[in-house]
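Side-chain atoms are counted along with the backbone in the values below, which use heavy atoms only and exclude waters and symmetry mates.
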Amino acid sequence: MQDLLDKFKLEKSNKILLIFDVDGTLRPDTVESLDHRYPKVDPKVAQQLMNLNTLDNVTVLVLTARSPIDLYRSNLPKNVRKYCGFGKQIMEGENLKYTREDFAQADAEISMFTEIIKDIMGPKLIAGLDFLTTPGDFAIYFESKDFTQQKKSVVKILETLFVNSRRWSILDFGKELIIKDAKYPYTKGDAIFDILNLTDLSELHQVFFFGDSNDDYKAMEALREYQQIFPQKRIKVNNVCVGPALVGKELVDFEFKSYEDTINFVNSLYGKFFSE
């Protein structure tokens with residue numbers, strides 16, 4: 001990992017912005033749904049990220065599809081700003097706000113719609129289910145081990161509701177169903193523009209983005225686009241893919257085999273700033 005620090009010519013005097021996806025990037029993405037709910041990283045890494053974020057020239061951010069409820073229960077450092085729900089909500093410590101004003105309306109609409117879905121399903125079917133909402137989507141979690149029949153019944157109801165809809169879509173992740181609302185489109189790429197617009201880029205910043213999915217690749221594309229649109233902002237982009245999904249993609253600068261390489265990178269960076 002020291003070779004990587006050398007490759008990017010990282011110096012203690014550089015302004016560094018580190019943006020991390022969580023699942024598959026800072027921790028493994030192979031856990032069961034309910035454990036998956038509350039993303040925890042290695043405690044040592046969490047402490048290192050917290051300490052790095054206290055430095056004047058280092059900023060650590062998290063950009064995740066997860067809901068704020070998930071992150072409230074995680075061990076990610078409190079002093080690290082977290083962009084939740086693909087970046088539609090921002091968690092700073094215990095405080096939560098919307099990235100854009102219309103997402104407050106989106107949150108109200110999705111919460112109301114979720115209650116309608118629960119009512120249609122009825123109390124017997126929703127027993128053992130959990131629902132989490134973020135502006136523009138909600139997740140349904142199946143808590144029982146033998147959830148196959150329950151899931152079939154839920155999907156049947158949802159597909160009947162959405163059969164002619166251009167607004168709603170269903171993504172199936174096994175013990176988790178994600179229902180997305182196309183009325184409020186927002187990707188991690190959009191979030192990158194909002195993040196950078198809030199960052200003082202008057203000095204050269206080395207921006208590192210760590211991701212492992214096609215959603216994360218939209219963030220990588222946005223970083224390059226931002227760099228081209230605003231050359232005066234002076235950012236150096238380092239897109240790091242973690243795992244196999246993005247290997248060989250045009251805008252990837254460096255490839256990590258797994259989340260363990262991300263942890264090693266954090267260890268090395270921490271050593272550079274706190275041990276030298």
Checklist entry - Who passes side-chain hydrogen bond (donor to acceptor under 3.5 Å, both in side chains) against D119, sequence neighbours left out? => result none
Next on the checklist: K236: which residues meet the side-chain hydrogen bond (donor to acceptor under 3.5 Å, both in side chains) condition with it, sequence neighbours left out?
Outcome noted: none
Next on the checklist: Test of understanding: with side-chain hydrogen bond (donor to acceptor under 3.5 Å, both in side chains), list the residues that count as partners of S74, not counting sequence neighbours.
Outcome noted: none
Item to check | side-chain hydrogen bond (donor to acceptor under 3.5 Å, both in side chains) involving E225 - partner list, sequence neighbours excluded | outcome: none
Item to check | Inter- and intrachain pairs under ring pair (Phe, Tyr, Trp, His ring centres under 6.0 Å), touching residues 171-195, at least two apart | outcome: F103-Y186, F193-Y226
Item to check | Steps toward side chain to side chain contact (heavy atoms under 4.5 Å, CB included) verdict (I117, L158) | outcome: CA-CA 8 Å; I117 293 292; L158 293 175; 4.0 Å; yes
Checklist entry - In chain order, what residues pass the salt bridge (Lys or Arg N to Asp or Glu O under 4.0 Å) check against K152, with sequence neighbours excluded? => result none
Next on the checklist: Donor-acceptor pair, distance only, cut-off 3.5 Å: does the side chain of N53 make one with the backbone of N79?
Outcome noted: yes
Checklist entry - Would K82 and E92 pass as an ion pair if we require N to O under 4.0 Å? => result no
Checklist entry - side chain to side chain contact (heavy atoms under 4.5 Å, CB included) with E255: which residues, sequence neighbours excluded? => result C241, V247, V252
Checklist entry - Mind checking whether W168 and D181 have side chains closer than 4.5 Å, heavy atoms only? => result yes
Checklist entry - Hey, mind stepping through F273 and L55 against side chain to side chain contact (heavy atoms under 4.5 Å, CB included) and telling me if it holds? => result CA-CA 9 Å; F273 281 94; L55 300 172; 3.6 Å; yes
Item to check | Residue pair L196, H205: steps toward the side chain to side chain contact (heavy atoms under 4.5 Å, CB included) verdict | outcome: CA-CA 11 Å; L196 294 181; H205 276 66; over 6 Å; no
Checklist entry - Is the NZ or CZ atom of K118 positioned over F131's six-membered ring, under 6.0 angstrom from the centre and within 45° of the axis? => result yes
Item to check | By side chain to side chain contact (heavy atoms under 4.5 Å, CB included) - contacts of D172 (at least two apart) | outcome: K151, L177
Next on the checklist: Please evaluate residues F265 and F210 with respect to the criterion ring-ring contact (aromatic ring centres under 6.0 Å, His included), reporting the C-alpha separation (whole Å), side-chain torsions for both, the decisive distance (0.1 Å), and the verdict.
Outcome noted: CA-CA 11 Å; F265 175 89; F210 301 82; 5.1 Å; yes
Checklist entry - Does any pair with a residue in residues 153-164 pass side chain to side chain donor-acceptor pair (under 3.5 Å), and if so which ones, sequence neighbours excluded? => result none
Checklist entry - Only one of L161, I140, L171 clears side chain to side chain contact (heavy atoms under 4.5 Å, CB included) with I179; which? => result I140
Next on the checklist: Quick one: does any side-chain atom of T54 pair with a main-chain N or O of N51 as donor and acceptor, under 3.5 Å?
Outcome noted: yes
Checklist entry - Sequence neighbours excluded, which residues qualify as salt bridge (Lys or Arg N to Asp or Glu O under 4.0 Å) partners of K188? => result D21, D216
Checklist entry - Do the side chain of T99 and the main chain of G87 share a donor and acceptor less than 3.5 angstrom apart? => result yes
Checklist entry - side chain to side chain contact (heavy atoms under 4.5 Å, CB included) with R224: which residues, sequence neighbours excluded? => result Q227, V237, N239, L251, D253
Item to check | Residues in side chain to side chain contact (heavy atoms under 4.5 Å, CB included) contact with Q48, at least two apart in sequence or another chain | outcome: K44, V45, V266, N267, Y270
Item to check | Polar side chain donor-acceptor pair, D137 to T134, under 3.5 angstrom | outcome: yes
Next on the checklist: With side chain to side chain contact (heavy atoms under 4.5 Å, CB included) as the criterion, how do F20 and L18 come out once you've worked through the C-alpha distance, each side chain's angles and the decisive distance to 0.1 Å?
Outcome noted: CA-CA 7 Å; F20 295 95; L18 303 170; 3.6 Å; yes
